[in-house]
> 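Just dropping this structure here.
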Amino acid sequence: VSAIVNMQFLARARAPIFSLTRSLSSSRKLMSVADYPFLAELGLKDHNDGVYYGKWTGNGPTVQSIDPSTGKVIASVREGTVEDYNAAVVATKEAAKVWSEVTAPKRGEIVRQIGDALRQKKKPLGQLVSLEMGKILAEGEGEVQEYIDICDFAVGLSRSMNGQVIPSERPGHLLLEMWNPLGLVGIITAFNFPVAVFGWNNAISLIGGNVNLWKGAPTTPLCTVAVTRIVSEVLERNGLPGAICSAICGGANIGQAMSEDKRVNLVSFTGSTHVGREVALTVQKRFGKSLLELGGNNAIVVMDDADLDMVVRAVLFAAVGTAGQRCTTTRRLILHESVHDEVTSRLVAAYKQVKVGNPLHAGVLCGPLHTKRSVEIYSEAVKAAVAQGGKVLAGGNVIEGEGFFVQPTIVESKHDAKIVLQETFAPILHVFKFKTIEEAIALNNEVAQGLSSSLFTRNMENIYRWTGPNGSDCGIVNVNIPTSGAEIGGAFGGEKETGGGRESGSDSWKQYMRRSTCTINCTRSLPLAQGIKFE
């Protein structure tokens with residue numbers, strides 16, 4: 001989530017004003033979108049079409065969007081079929097003929113307008129994210145802000161994407177790079193960031209001259225529909241084909257079709273390592289391009305000289321925020337033996353004060369897990385941790401009643417326990433000790449994933465070791481901040497089983513482009529490279 005949300009969360013976490021209770025309105029029955037006026041502001045109805053490619057349609061099964069705070073229905077969406085998918089691809093490819101010829105600065109102007117449209121809908125869209133996904137309102141609105149921020153970034157980028165002019169060894173020749181659109185970018189996103197991850201891809205892809213076809217998560221279809229409405233209105237208002245940004249709600253069959261489709265030039269997939277591996281293999285079989293943002297088993301390392309007040313606040317946010325359902329969630333806490341007992345006791349005390357409940361309610365810091373199955377996975381993981389030698393220090397229980405709520409949990413674990421080495425998408429924090437910085441780096445790097453990591457220290461030598469060639473092997477290597485809270489200006493992504501993809505800032509735009517090396521002969525002679533004579 002954005003740094004803004006990070007600070008909002010930490011500011012709340014400084015004061016012990018919350019308790020491990022639920023803040024629910026059990027009498028509410030979600031039988032109509034009229035229960036939530038902000039849904040109407042986003043153009044949502046009780047029943048919604050889930051396919052858009054210049055027009056709204058959908059001929060697949062009707063699915064229900066569930067409020068994870070109550071387990072009740074918010075509204076329904078009619079998904080697309082494979083036939084709908086193919087129609088969307090045809091329309092989107094046709095729109096590419098228009099969009100690719102629009103100049104990059106003009107494309108940036110359209111993206112600027114998308115950002116402004118999101119600003120106008122930031123509050124209701126943030127509320128929808130909280131309602132449908134389950135993250136607290138500060139994080140829901142922060143997620144929309146991420147999309148707004150990347151639009152701002154993309155506007156500037158639209159006037160600064162550049163190649164190189166390279167000195168040629170041949171007289172009278174120009175040697176240069178050209179960057180052109182790939183064409184059609186398929187974007188498959190996950191439930192935990194149903195707005196921002198599409199935004200990272202969409203804004204950067206658009207200014208590069210690509211058209212996009214988005215498949216949102218099956219369990220957050222209202223977010224997919226609402227965002228697509230906002231974007232399409234901007235395109236149509238400018239006399240552009242709405243199919244430049246098409247969308248389809250659907251299940252695994254749609255993702256499979258997209259992965260197999262040679263018409264899709266790049267598949268950007270965010271999700272589990274298991275599914276991401278299958279996507280990568282399928283796309284590679286047709287020699288397509290893929291951009292993968294997969295799992296994370298992220299660690300915070302705390303040295304003996306760390307600011308422990310900062311550590312406690314950072315860990316609380318990174319481990320409990322979004323109920324542990326971020327790819328950058330802190331799942332492992334690696335503590336120097338000299339500070340282990342103090343940090344652990346302070347965290348246990350802080351966990352007891354966390355208010356768990358309806359994410360739309362004031363004061364709540366931890367919302368529900370996203371589905372009933374997520375609760376089962378949480379319970380299985382806690383049992384496995386204990387069976388593998390762990391000791392529960394805080395939490396460890398499902399909160400009974402409506403909705404999908406669990407207690408944020410701390411477990412004193414063995415660093416190499418099977419359950420510790422795998423990613424569990426729930427608020428479970430495994431804690432263990434180390435003696436030296438070298439040992440801590442080895443513990444950080446021993447998992448299969450390589451997304452985010454953070455070191456808390458004041459020692460410059462430790463910082464160099466941590467960020468240097470033999471330090472953390474993650475794509476995000478932080479110092480004195482949590483594993484979450486990435487800014488949009490940097491490239492976001494990880495190594496190893498995290499997939500190797502990079503989205504958002506820095507030079508991530510190059511993943512959405514086709515690079516051409518161009519040699520232009522400005523003379524009437526024909527010299528060959530390397531001085532070759534062929535006469």
> Is the shortest heavy-atom distance from the side chain of Ile463 to the side chain of Met460 under 4.5 Å?
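They are in side-chain contact.
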
> Using the rule side chain to side chain contact (heavy atoms under 4.5 Å, CB included), only one of Leu294, Thr329, Ile476 pairs with Leu451; which is it?
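For Leu451, the side chain to side chain contact (heavy atoms under 4.5 Å, CB included) check succeeds only for Ile476.
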
> Out of curiosity, Phe191 CZ to Lys135 NZ, how far, rounded to the nearest 0.5 Å?
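One gets 9.5 Å once the value is rounded to the nearest 0.5 Å.
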
> Check the side chains of Thr228 and Trp214 for a donor-acceptor pair under 3.5 angstrom, ignoring hydrogens and angles.
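Side-chain D/A pair, Trp214 to Thr228: absent.
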
> Nearest 0.5 Å please: distance from the CD atom of Gln511 over to the OG atom of Ser290.
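The OG atom of Ser290 is 9.0 Å from CD of Gln511, to the nearest 0.5 Å.
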
> Is the shortest heavy-atom distance from the side chain of Thr344 to the side chain of Leu393 under 4.5 Å?
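Sidechains of Leu393 and Thr344: in contact.
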
> So which atom in Gly108 and which in Val155 form the shortest heavy-atom distance, rounded to 0.1 Å?
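The pair with the smallest heavy-atom distance is O-CG2, 3.4 Å.
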
> Any side-chain donor-acceptor pair under 3.5 Å between Thr282 and Ser259?
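Looking only at side-chain atoms, Ser259 and Thr282 do not form any donor-acceptor pair under 3.5 Å.
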
> For the residue pair Asn397 and Ile399, establish whether any side-chain heavy-atom pair is separated by less than 4.5 Å.
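Counting from C-beta outward, Asn397 and Ile399 never come under 4.5 Å.
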
> Do you know which of Leu455, Asp304, Thr457 makes side chain to side chain contact (heavy atoms under 4.5 Å, CB included) with Ile437?
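Single pass found, and it is Leu455.
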
> Do the charged groups of Arg465 and Glu461 touch, with an N to O distance under 4.0 Å?
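Salt bridge present between Arg465 and Glu461.
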
> Using modelled atom types only, decide if a donor and an acceptor are shared between the side chain of Asn478 and the backbone of Ile481 within a distance under 3.5 Å.
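Between the backbone of Ile481 and the side chain of Asn478 there is no qualifying donor-acceptor contact (under 3.5 Å).
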
> Out of curiosity, Thr219 OG1 to Asn192 CG, how far, rounded to the nearest 0.5 Å?
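So the OG1 of Thr219 and the CG of Asn192 are separated by 9.5 Å.
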
> Indicate the atoms forming the closest heavy-atom contact of Asn480 with Phe456, along with that distance.
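So the minimum-distance heavy-atom pair works out to OD1-CA, 3.2 Å.
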
> Heavy atoms only: give me the nearest Leu335-Val431 pair and the separation to one decimal.
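In this case the closest contact between Leu335 and Val431 is CD1-CG1, 3.5 Å.
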
> Looking at CG of Asn297 and OG of Ser453, how far apart are the two atoms once the value is rounded to the nearest 0.5 Å?
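The distance works out to 11.5 Å.
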
> Take a 6.0 Å sphere around CG of Asn470 and say whether it holds more than 12 heavy atoms from other residues, nucleotides or ligands.
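No, the 6.0 Å shell around CG holds no more than 12 heavy atoms from other groups.
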
> Do you know the tightest heavy-atom contact between Ile148 and Gly115?
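Minimum heavy-atom separation between Ile148 and Gly115: CG1-O, 3.9 Å.
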
> Are His415 and Val420 close enough, and set up right, to give a side-chain contact (heavy atoms from CB on, under 4.5 Å), and what steps lead you there?
CA-CA 6 Å; His415 72 89; Val420 175; 5.5 Å; no

> Salt bridge between Lys123 and Glu141, side-chain N to carboxylate O under 4.0 Å?
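Here Lys123 does not pair with Glu141 in a salt bridge, since their nearest N and O are not under 4.0 Å apart.
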
> Is a side-chain N or O of Lys496 found less than 3.5 angstrom from the main chain of Asn445, in a donor-acceptor match?
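Looks like yes, one N/O pair under 3.5 Å.
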
> Would Glu139 and Thr322 count as having a side-chain donor-acceptor pair, cut-off 3.5 Å?
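Yes - a donor-acceptor pair under 3.5 Å links their side chains.
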
> Identify the two heavy atoms, one from Thr220 and one from His370, that lie closest to each other, and give their separation to 0.1 Å.
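Reported closest heavy-atom pair: CG2-CE1, 3.8 Å.
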
> Checking the side chain of Gln388 only, and the main-chain atoms of Ile419 only, is there a donor and an acceptor separated by less than 3.5 Å?
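It does hold such a pair.
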
> Whether Lys289 engages the ring of Tyr512 as a cation-pi pair (distance to the six-membered ring centre under 6.0 angstrom, angle to the ring normal within 45°) should be assessed.
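No, a cation-pi geometry is absent between Lys289 and Tyr512.
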
> Can you see which heavy atom on Asn444 is nearest to which on Ala299, and at what distance?
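That would be OD1-CB, 3.5 Å.
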
> Can you tell if the side chain of Ile204 reaches within under 4.5 Å of the side chain of Glu503, non-hydrogen atoms only?
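A side-chain contact is absent here, since even the closest heavy-atom pair is not under 4.5 Å.
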
> Among Phe153, Phe492, Tyr147, which residue meets the ring pair (Phe, Tyr, Trp, His ring centres under 6.0 Å) test with Trp200?
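Between Trp200 and the candidates, ring pair (Phe, Tyr, Trp, His ring centres under 6.0 Å) is satisfied uniquely by Phe492.
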
> Determine, for Glu376 against Arg373, whether the closest basic-nitrogen to carboxylate-oxygen distance falls under 4.0 angstrom.
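A salt bridge links Glu376 with Arg373.
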
> Counting N and O atoms only, with roles assigned by atom type, does the side chain of Asn358 sit under 3.5 Å from a partner on the main chain of Ser69, one being a donor and the other an acceptor?
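No, the answer is negative, given that no donor and acceptor are paired below the 3.5 Å cut-off.
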
> For atom CZ of Arg286, is the number of surrounding heavy atoms from other residues, nucleotides or ligands below 6.0 Å larger than 12?
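Yes, CZ of Arg286 has more than 12 neighbouring heavy atoms, counting only those of other groups under 6.0 Å.
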
> Could you tell me if His336 and Glu439 have a donor-acceptor pair between their side chains, going purely by distance under 3.5 Å?
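There is no such pair (donor and acceptor under 3.5 Å, judged by atom type) between the side chains of Glu439 and His336.
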
> Please tell me if the side chains of Val267 and Ile188 come closer than 4.5 Å, counting only heavy atoms from C-beta onward.
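Val267 reaches Ile188 side chain to side chain.
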
> I'd like to know if the side chain of Tyr378 and the backbone of Gln407 have a donor-acceptor N/O pair within less than 3.5 Å.
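It does hold such a pair.
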
> Can you tell if the side chain of Val382 reaches within under 4.5 Å of the side chain of Ile428, non-hydrogen atoms only?
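Yes; the side chains approach each other to less than 4.5 Å.
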
> What distance do Ile254 atom CD1 and Asp261 atom CG have between them, rounded to the nearest 0.5 Å?
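Result: 11.0 Å between the selected atoms.
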
> Check the orientation of Trp509 and Trp179. Use parallel for under 30°, tilted for 30 to 60°, and perpendicular for over 60°.
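Judged by the thresholds at 30° and 60°, the geometry between Trp509 and Trp179 is perpendicular.
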
> Between Glu497 and Arg277, is the closest basic N to carboxylate O distance under 4.0 Å?
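A salt bridge is present here (some side-chain N lies under 4.0 Å from a carboxylate O).
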
> For residues Lys122 and Gln145, is any side-chain donor paired with an opposing acceptor at under 3.5 Å?
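Distance-only check passes for Lys122 and Gln145.
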
> Please assess Lys414 against His430 for the test side-chain contact (heavy atoms from CB on, under 4.5 Å), listing each intermediate value before the final yes or no.
CA-CA 8 Å; Lys414 297 179 180 179; His430 298 282; over 6 Å; no

> Show your working on side-chain contact (heavy atoms from CB on, under 4.5 Å) between Ile377 and Phe425 and close with a plain yes or no.
CA-CA 8 Å; Ile377 292 171; Phe425 232 53; over 6 Å; no

> Is there a donor-acceptor contact under 3.5 Å from the side chain of Lys215 to the main chain of Gly250?
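Yes, the answer is positive, given that a donor and an acceptor are paired below the 3.5 Å cut-off.
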
> Find out whether the Lys NZ or Arg CZ of Arg326 is both under 6.0 angstrom from the six-membered ring centre of Phe317 and within 45° of the ring's axis.
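Checked: cation-pi criterion met.
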
> Which of these passes side chain to side chain contact (heavy atoms under 4.5 Å, CB included) with Phe405: Pro68, Cys366, Pro368?
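With Phe405 as partner, side chain to side chain contact (heavy atoms under 4.5 Å, CB included) holds for just one option, Pro368.
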
> With rounding to the nearest 0.5 Å, note down the distance linking CD in Gln449 to CD in Gln422.
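Answer for the CD-CD pair, Gln449 versus Gln422, is 9.0 Å.
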
> Can you tell me if Lys510 has over 12 outside heavy atoms packed within less than 6.0 Å of its NZ?
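Above 12, so yes.
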
> Taking atom types as modelled and ignoring hydrogens, do the side chains of Thr330 and Asn298 form a donor-acceptor contact shorter than 3.5 angstrom?
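No pair is found: no donor N or O on one side chain lies under 3.5 Å from an acceptor on the other.
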
